[in-house]
Amino acid sequence: MTEQTHEDIIFGKNAVAEFLKNDGKADTVLLALDDAQAGYYTALAKQCGAVVKRVHPKKLDALCGCERHQGVAATVRLVAYTSIDQLLAVAEQKGQPPFLILSDGVADPHNLGAILRTAECCGVHGVVIPERGGCPITPAVMSASVGAAAAVPVVRAGNLANAVRTLKKRNIFVYCADMDGAYCCDTDLTGPIALVVGSEGFGVSPLIKKLCDGVVSLPMAGKINSLNASVAAGVLMYEIVRQRINQSGGRNGK
């Protein structure tokens, strides 16, 4: 079962281009570019059936609420949320052990966007976010992800604890990132796995942490003992990728 979000605006050359290339549902592409640059976005818009409108830069300033649009914006239906079963089906179709990310209260849209961007690069099969207590997919998330939020399947769970329980019943090992965990490089992360990333201020909630099969951490050699949520998530995702590559003996063993 899917749930369609409301129509909104995304902006920025890379964010709009990646959204359109990944079959994002755009209604109108708004351009304040010269003809040479506009042709590229016009072609992308036509491929997905979107209307193209040439507008004055000042109109884009007003629509986007800033001047960082780079002359490109689109009115879009941001994402169709999916289900955990569909995420696992994607992994099965690819013949890969499931690799999922769960957001336990990540509230900053730039952090969530960065996590989605790294997830897409790492071949993650899907991301689970909570209905309450965390950031949904917004235009700011879409822009921060440079369009990756349109390419990575997203589940919006009514109860994150139940989502963890469901994954464990499906024989997926659920780990959370926390400072008191075992070093990730000393932990076998090669099988079916879901990684929980906690909120910026409080980390992983006690209930979710208790439900997890294990806790992993990153070595810290400096005086600051924590990383930004999206940075920590990115390092851990690539550690999972590294272990899978080493296990398979080649780059394609994700």
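Note that this is a predicted model, so its numbers are computed, not measured. Heavy atoms only: backbone and side chains are in, while hydrogens, waters and symmetry mates are out.
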Check whether any side-chain N or O of Thr82 sits under 3.5 Å from a backbone N or O of Gln86 as a donor-acceptor pair, and report yes or no.
-> no
Under 4.5 Å between any side-chain heavy atoms of Phe11 and Cys64, yes or no?
-> yes
State the SG-CD distance between Cys135 and Glu200, to the nearest 0.5 angstrom.
-> 9.0 Å
Please report the shortest heavy-atom distance between Ala73 and Leu60, naming the atom on each side.
-> CB-CD2, 3.8 Å
Is the shortest side-chain N to carboxylate O distance from Asp180 to Lys209 below 4.0 Å?
-> yes
Within a strict 4.5 Å, meaning less than it, do heavy atoms of the Asp8 and Thr75 side chains meet?
-> no
Find out if a path of hydrophobic residues (ILVMFWY) with successive side-chain heavy-atom gaps under 4.5 Å connects Val90 to Leu100.
-> no
If Ile, Leu, Val, Met, Phe, Trp and Tyr residues are connected whenever their side-chain heavy atoms lie under 4.5 Å apart, and connections chain through other members, are Val197 and Val154 in the same group?
-> yes
Main-chain N/O of Ile115 paired to Thr118 side chain as donor or acceptor, under 3.5 Å = no
Could you check Met220 against Leu227 for side-chain contact (heavy atoms from CB on, under 4.5 Å), going step by step and ending with a plain yes or no?
-> CA-CA 9 Å; Met220 295 289 173; Leu227 290 171; 3.7 Å; yes
Within the distance-only criterion (no hydrogens, no angle test), does the side chain of Lys168 pair as donor or acceptor with the backbone N or O of Leu211 below 3.5 angstrom?
-> yes
Least distance between heavy atoms, Ser205 atom then Asp104 atom = N-OD2, 2.8 Å
Is a donor on one side and an acceptor on the other found under 3.5 Å between the side chain of Arg244 and the backbone of Pro97?
-> yes
Got a second to check how far Ser145's OG is from Leu112's CG, nearest 0.5 Å?
-> 8.5 Å
Can you tell me how far the OG atom of Ser103 sits from the CG atom of Leu160, to the nearest 0.5 Å?
-> 7.5 Å
If you group Ile, Leu, Val, Met, Phe, Trp and Tyr by side-chain heavy-atom gaps below 4.5 Å, do Leu44 and Val51 land in one group?
-> no
Verdict with supporting geometry, Lys21 and Gln47, side-chain hydrogen bond (donor to acceptor under 3.5 Å, both in side chains) = CA-CA 9 Å; Lys21 286 191 288 187; Gln47 287 176 8; over 6 Å; no
Can you name the closest pair of heavy atoms from Leu87 and Pro153 and give their distance?
-> CD2-CB, 3.4 Å
Please assess Leu88 against Arg170 for the test side-chain contact (heavy atoms from CB on, under 4.5 Å), listing each intermediate value before the final yes or no.
-> CA-CA 9 Å; Leu88 301 182; Arg170 301 290 291 270; 3.5 Å; yes
Backbone N or O of Gly158 within a donor-acceptor pair of the Arg132 side chain at under 3.5 Å?
-> yes
If only atom types and distance count, is the side chain of Asn111 paired as donor or acceptor with the main-chain N or O of Asn228 below 3.5 Å?
-> no
Ignoring hydrogens and angles, tell me if any N or O in the side chain of His125 forms a donor-acceptor pair with the backbone of Phe99 under 3.5 Å.
-> yes
Neighbour count >12 (heavy atoms, 6.0 Å) for atom CZ, Arg68 = no
Do Leu116 and Met142 have side-chain heavy atoms sitting under 4.5 Å apart?
-> no
Per side chain to side chain contact (heavy atoms under 4.5 Å, CB included), Val215 is matched among Val196, Thr187, Val204, Asp178 by Asp178
Heavy-atom side-chain contact between Gln37 and Lys13 under 4.5 Å | yes
Tightest non-hydrogen contact, residues Leu207 and Ala161, listed as CD2-CB, 3.8 Å
Contact check, side chains of Cys121 and Tyr238, non-hydrogen atoms, under 4.5 Å = yes
Between Glu120 (side chain) and Val152 (backbone), is there a donor-acceptor pair under 3.5 Å?
-> no
Identify whether Ile129 and Ile10 are in the same connected component of the hydrophobic contact network (ILVMFWY, side-chain heavy atoms under 4.5 Å).
-> yes
Classify the side-chain pair Asp188/Thr190 by whether it contains a donor and acceptor separated by less than 3.5 Å.
-> yes
Cys212 and Cys176 have their tightest heavy-atom pair at SG-CB, 3.7 Å
Between Glu67 (side chain) and Pro57 (backbone), is there a donor-acceptor pair under 3.5 Å?
-> no
Mind checking whether Val174 and Val216 sit in one hydrophobic cluster, side chains of I, L, V, M, F, W, Y counted as touching below 4.5 Å?
-> no
Test item: Val128 and Ile101 side chains (from C-beta on) under 4.5 Å apart, heavy atoms = no
Kindly indicate whether the side chain of Leu102, heavy atoms from C-beta on, has any atom under 4.5 Å from the side chain of Val127.
-> no
Interatomic distance, Leu30 atom CG to Tyr41 atom OH [nearest 0.5 angstrom] | 13.5 Å
Once you round to the nearest 0.5 Å, how far does CG of Asp213 lie from CZ of Phe173?
-> 6.0 Å
Is a donor on one side and an acceptor on the other found under 3.5 Å between the side chain of Gln243 and the backbone of Leu189?
-> yes
Working to the nearest 0.5 Å, report the span between CE of Met237 and OG of Ser230.
-> 8.5 Å
Measure the shortest side-chain to side-chain distance between Phe19 and Cys48 over non-hydrogen atoms and say whether it is less than 4.5 angstrom.
-> no
